Amino acid sequence: MSGRAAGRVGKPHGRDGSFYVDEPSDALGGRARVTIAGVEREIERRAGTDERPLIRVSGVGDRDAAGALRGEPLLVDEPDAPLETDEWLVSDLVGCRIDGLGYVERVLDGPSCDVLEVGPDGVLVPFVSDAVKRVDIESREIEIDRAFLGV
């Protein structure tokens with residue numbers, strides 16, 4: 001499933017497999033299903049707040065199972081509308097290589113733009129035209145303006 005990031009599996013809560021959602025986005029909304037680690041799961045329980053949601057999903061029955069998924073992205077179905085030119089799905093960007101920095105680990109929602117977290121050191125690259133010269137989804141590569149970023 002390709003999808004839109006709706007957050008990440010956070011800290012387990014209790015013993016029934018519930019967990020907090022880190023970095024929640026509006027995409028989670030009233031969704032009934034999410035994909036975690038490539039497996040589509042039904043949301044069985046919702047609690048917490050919009051800022052700090054707490055959910056339990058099918059197939060995750062205890063604290064250890066929730067803990068094993070910690071940090072995994074929560075993906076939700078993308079609308080069927082085609083993407084505009086220079087638009088990409090988060091799932092397409094994650095895993096792309098940026099020469100000399102590593103691979104895109106995740107895409108963060110910044111206050112003014114999306115931010116790519118790259119490599120084991122977590123280098124942050126603003127996803128704006130001044131910083132990103134080219135995105136090639138077919139070859140899984142992103143070219144950046146090193147001078148602009150100072151790297």
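This is a predicted model, so every value here is computed, not measured.
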Joint hydrophobic cluster, [X] plus [Y], side-chain heavy atoms closer than 4.5 Å:
X      : Y      : result
Val135 : Val94  : yes
Trp88  : Val118 : yes
Ile36  : Val39  : no
Val125 : Tyr103 : no

Exercise for the section: Not counting sequence neighbours, which residues clear salt bridge (Lys or Arg N to Asp or Glu O under 4.0 Å) with Arg140? List them please. Expected result: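 Result, salt bridge (Lys or Arg N to Asp or Glu O under 4.0 Å) vs Arg140: none returned.
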
With rounding to the nearest 0.5 Å, note down the distance linking [atom1] in [X] to [atom2] in [Y].
X      : Y      : atom1 : atom2 : result
Ile98  : Ile144 : CD1   : CD1   : 5.5 Å
Leu89  : Asp92  : CG    : CG    : 4.5 Å
Ile142 : Ile137 : CD1   : CD1   : 6.5 Å
Glu72  : Leu75  : CD    : CG    : 9.5 Å
Ser18  : Arg45  : OG    : CZ    : 4.0 Å
Arg106 : Leu116 : CZ    : CG    : 12.0 Å

Handout entry: Non-neighbouring partners of Leu124 that pass side-chain contact (heavy atoms from CB on, under 4.5 Å), sequence neighbours left out
Key = Leu108, Val115, Glu117

Handout entry: Pair Asp136 + Arg97, salt bridge at N-O below 4.0 Å
Key =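 Salt bridge flag = no for Arg97 with Asp136.
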
Problem - Check ion pair Asp16-Arg56 (N to O, under 4.0 angstrom) - result: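 Salt bridge present between Asp16 and Arg56.
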
For [X] against [Y], the heavy-atom pair lying closest together:
X      : Y      : answer
Asp109 : Ser25  : OD2-CB, 4.0 Å
Val9   : Asp22  : O-OD2, 4.2 Å
Val21  : Gly7   : CG1-CA, 4.0 Å
Val132 : Pro126 : CG2-O, 3.8 Å

Practice task
For a side chain to side chain contact (heavy atoms under 4.5 Å, CB included) with Arg41, tell me which candidate from Ile55, Val60, Thr35 qualifies.
Solution key: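 For Arg41, the side chain to side chain contact (heavy atoms under 4.5 Å, CB included) check succeeds only for Val60.
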
Practice task
Step by step, work out the side chain to side chain contact (heavy atoms under 4.5 Å, CB included) result for Glu141 and Arg134.
Solution key: CA-CA 8 Å; Glu141 294 182 339; Arg134 183 179 62 86; 4.1 Å; yes

Practice task
Using a cut-off of 6.0 Å, state whether more than 12 heavy atoms not belonging to Phe127 lie near its atom CZ.
Solution key: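 More than 12 heavy atoms, drawn from other residues, nucleotides or ligands, come within 6.0 Å of this atom.
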
Problem - Test of ring centre spacing under 6.0 Å for Tyr20 and His13 - result: yes

Practice task
State which residues pass side chain to side chain donor-acceptor pair (under 3.5 Å) with Asp145; sequence neighbours excluded, sorted by chain then number.
Solution key: none

